[in-house]
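There's a structure below that I have some questions on.
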Amino acid sequence: MRSWSRGIFVLLYLALLLKIEGLEFHRSEHTERISGSAGDVLEDNPVGRLKVFVYELPSKYNKKILQKDQRCLNHMFAAEIFMHRFLLSSAVRTFNPEEADWFYTPVYSTCDLTPNGLPLPFKSPRMMRSAIQLISSNWPYWNRTEGADHFFIVPHDFGACFHYQEEKAIERGILPLLQRATLVQTFGQRNHVCLKDGSITIPPYAPPQKMQSHLIPPDTPRSIFVYFRGLFYDVGNDPEGGYYARGARAAVWENFKNNPLFDISTEHPTTYYEDMQRAIFCLCPLGWAPWSPRLVEAVIFGCIPVIIADDIVLPFADAIPWEDIGVFVAEKDVPNLDTILTSIRPEEILRKQRLLANPSMKQAMLFPTPAQSGDAFHQILNGLARKLPHDKNTYMKPGEKSLNWTAGPVGDLKPW
């Protein structure tokens, strides 16, 4: 009864807002081309613009880890697995390292899961150090640049800082041996020690086939104004409150739990994906990290993402026009969220929906199997191609060293 009355309230509100009786927001069948340089970059084809050499590592660094726990294929950090699989058969792969522009080291550093499926990053630094020691001992290419023409997929909460708690991640900093490498990571926040210059920020993994199976008819009315499902408090890890999500999620709940325009709850229904397709705005607040799979889900389902995460660096920001498709709300302004969203002009809402309906926008957020033109795999390659040619500082002078192999916490130096 509550959801039915909320839907009626929202439809009446929107009709009044538009001053056109009976007008509803639908899942838009009309698309709008992404104009300007962003759209052109989004549709770039990386084939022929770069060559990647894939190191063949012992299976203990990747395949054997996955064999122990197949759940790694479905968690939000799975980009490291699917990028490896993609590159093995990609047209950009070269078997001749002398002609390579980039070198890729396939290490599944997040595939160490607790019984309830949470990745533990504690072994990751030793695993990564071990892999780098291996490639630097068996091939000459790491040593000639100290990793400056190498890239690594590091999809942890805080990337190559390898910890899920921000304070600890900041204290650790980026693994010293990766200081010259290009990091491809989900974590992105400006002026943060865990995001270094030149990193490529990517979307978290969300299962494409699963989302595809939950699509509903495109003419379904969007009768939910604001939608969110997830934690507002993390009592287990933040019993006093205020630290988790920097208090932003708690502010959403305390201010809008009884607001009929807001369909928000900690419950995760079986109709979650369908509900997102019935919503106009989907909240994408920070949690322990500034990013979450909700961002991907919102784009795929045409729900305007409301991004609440100060200083976030969004996936493929040089290709996806986030300002045009989303709404940014400062964490301090969460108590005014209802006023902010209801003040957005209907024409602007419709324009954002048309942009979200563009297939290239959705494709760029996914890691599908098999790979498809313009998908997240290709956006990563585009990002690497745009860094070419390497400048003269990439290559070390004879006898020159810059990396400190003994830097970092003592525990990281133990053999893996």
**OP:** If the plane angle is over 60° it's perpendicular, under 30° parallel, otherwise tilted; pick one for F122 and H163.
**Re:**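 The rings of F122 and H163 stand perpendicular, inter-plane angle above 60°.
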Original post:
Is the side chain of D238 donor-acceptor paired with the backbone N or O of Y243 at a distance under 3.5 Å, no angle test?
Top reply: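 Flag set: sc D238 to bb Y243 pair under 3.5 Å.
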Original post:
If you measure only the distance, is there a donor-acceptor pair under 3.5 Å linking the side chains of N404 and T406?
Top reply: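 Side chains of N404 and T406: pair found under 3.5 Å.
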Original post:
Any salt bridge between R351 and E347, counting N to O under 4.0 Å?
Top reply: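 A salt bridge is absent here (no side-chain N lies under 4.0 Å from a carboxylate O).
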**OP:** Assert yes or no for the condition that the ring centre distance of H84 to Y108 is strictly below 6.0 Å.
**Re:**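 They qualify: ring centres under 6.0 Å apart.
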Original post:
Between H150 and Y141, is any side-chain donor less than 3.5 angstrom from a side-chain acceptor?
Top reply: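 Absent: no donor and acceptor within the cut-off.
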Original post:
Does the ring center of W288 lie less than 6.0 Å from the ring center of Y244?
Top reply: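 Ring centres of Y244 and W288 closer than 6.0 Å.
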Original post:
side-chain contact (heavy atoms from CB on, under 4.5 Å) with P204: which of F187, F77, F367, W291?
Top reply: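 Exactly one option meets the side-chain contact (heavy atoms from CB on, under 4.5 Å) with P204, and it is W291.
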Original post:
Rounded to the nearest 0.5 Å, how far apart are CD1 of I380 and OG1 of T201?
Top reply: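 If we round to the nearest 0.5 Å, I380:CD1 and T201:OG1 are 10.5 Å apart.
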**OP:** Check step by step if ring-ring contact (aromatic ring centres under 6.0 Å, His included) holds for H378 and F316.
**Re:** CA-CA 11 Å; H378 290 84; F316 308 131; over 10 Å; no
**OP:** Calculate, to the nearest 0.5 Å, the distance between atoms CZ and CG belonging to F281 and D263 respectively.
**Re:**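 CG of D263 is found 15.0 Å from CZ of F281.
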Original post:
Can you tell me how far CD1 of I304 sits from CD1 of I280, rounded to the nearest 0.5 angstrom?
Top reply: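 Interatomic distance, I280 CD1 to I304 CD1, rounded to 0.5 Å: 7.5 Å.
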Original post:
How would you list, by chain and number, every residue that makes a salt bridge (charged side-chain N to carboxylate O under 4.0 Å, His left out) with D101, sequence neighbours excluded?
Top reply: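 By the salt bridge (charged side-chain N to carboxylate O under 4.0 Å, His left out) rule, D101 matches no residue at all.
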Original post:
Do K51 side-chain atoms and R93 backbone N/O form a donor-acceptor pair below 3.5 Å?
Top reply: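 No; zero donor-acceptor contacts below 3.5 Å.
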**OP:** Establish, from distance only, whether the side-chain atoms of H192 and E166 form a donor-acceptor pair under 3.5 Å.
**Re:**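 Yes.
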Original post:
Got a donor-acceptor contact below 3.5 angstrom from the E297 side chain to the M276 backbone?
Top reply: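 It does not hold such a pair.
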Original post:
Strictly by modelled atom types, are S213 and Y273 linked by a side-chain donor-acceptor pair under 3.5 Å?
Top reply: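 Not at all, the side chains of S213 and Y273 share no donor-acceptor pair under 3.5 Å.
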Original post:
Say you draw a straight line from OG1 of T220 to CD of E274; how long is it, rounded to the nearest 0.5 Å?
Top reply: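 T220 OG1 to E274 CD: 10.0 Å, rounded to 0.5 Å.
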Subject >> Check: Y233 main-chain N/O paired with R249 side-chain donor or acceptor under 3.5 Å >> reply: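 The answer is no, because no donor-acceptor pair under 3.5 Å joins these two groups.
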Subject >> Lys/Arg-Asp/Glu bridge criterion (N-O < 4.0 Å) met for D310, R190 >> reply: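 Result for this pair is no, no salt bridge flagged.
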Subject >> Partner residues of E323 under the salt bridge (charged side-chain N to carboxylate O under 4.0 Å, His left out) criterion, sequence neighbours left out >> reply: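 E323 satisfies salt bridge (charged side-chain N to carboxylate O under 4.0 Å, His left out) with no other residue.
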Original post:
Can you find a heavy atom in the side chain of Q189 that is under 4.5 Å from one in the side chain of F158?
Top reply: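 Of all side-chain heavy-atom pairs linking F158 with Q189, none is under 4.5 Å.
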Original post:
Can you tell me how far the CE atom of M365 sits from the CG atom of D375, to the nearest 0.5 Å?
Top reply: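 Between M365 CE and D375 CG, I get 12.5 Å after rounding to 0.5 Å.
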Original post:
Which heavy-atom pair separates E80 from C111 by the least distance, and what is that distance?
Top reply: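 Heavy atoms only, the tightest pair is OE2-N, 3.7 Å.
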**OP:** May I ask you to decide if D275's main-chain N or O and T271's side chain share a donor-acceptor pair within less than 3.5 Å?
**Re:**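 A pair under 3.5 Å: no.
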Original post:
What is the ring orientation for Y272 with Y227, classed by angle as parallel under 30°, tilted 30 to 60°, or perpendicular over 60°?
Top reply: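 Taking Y227 first and then Y272, their aromatic rings sit tilted (interplane angle of 30° to 60°).
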Original post:
If you take all heavy atoms of L195 and G188, which pair is closest and at what distance?
Top reply: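 Minimum heavy-atom contact is CD2-CA, 4.1 Å.
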**OP:** Tell me, yes or no, whether the heavy-atom count around E348 atom CD, taken from other residues, nucleotides or ligands under 6.0 Å, exceeds 12.
**Re:**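 Yes.
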**OP:** Flag the pair F225 / F262 as yes when their ring centroid distance falls below 6.0 Å, and as no otherwise.
**Re:**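 F225 vs F262: aromatic centres not under 6.0 Å.
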Subject >> From CG (D112) to CE (M127), nearest 0.5 Å >> reply: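 Here the interatomic distance stands at 7.0 Å.
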Original post:
With distance as the sole test, does T342 use its side chain to make a donor-acceptor pair with the main-chain N or O of D338 at under 3.5 Å?
Top reply: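 Yes; at least one donor-acceptor contact below 3.5 Å.
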Original post:
Taking only residues two or more places apart in sequence or in another chain, which ones pass salt bridge (charged side-chain N to carboxylate O under 4.0 Å, His left out) with D333?
Top reply: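 Applying salt bridge (charged side-chain N to carboxylate O under 4.0 Å, His left out) to D333 gives none.
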Original post:
Does the separation of the ring centres of W253 and F228 fall below 6.0 angstrom?
Top reply: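 Ring centroids of W253 and F228 are no less than 6.0 Å from each other.
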**OP:** Scan N382, L384, L388 and name whichever one has a side-chain contact (heavy atoms from CB on, under 4.5 Å) with R49.
**Re:**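 Going through N382, L384, L388 one by one, the side-chain contact (heavy atoms from CB on, under 4.5 Å) with R49 is satisfied by N382 alone.
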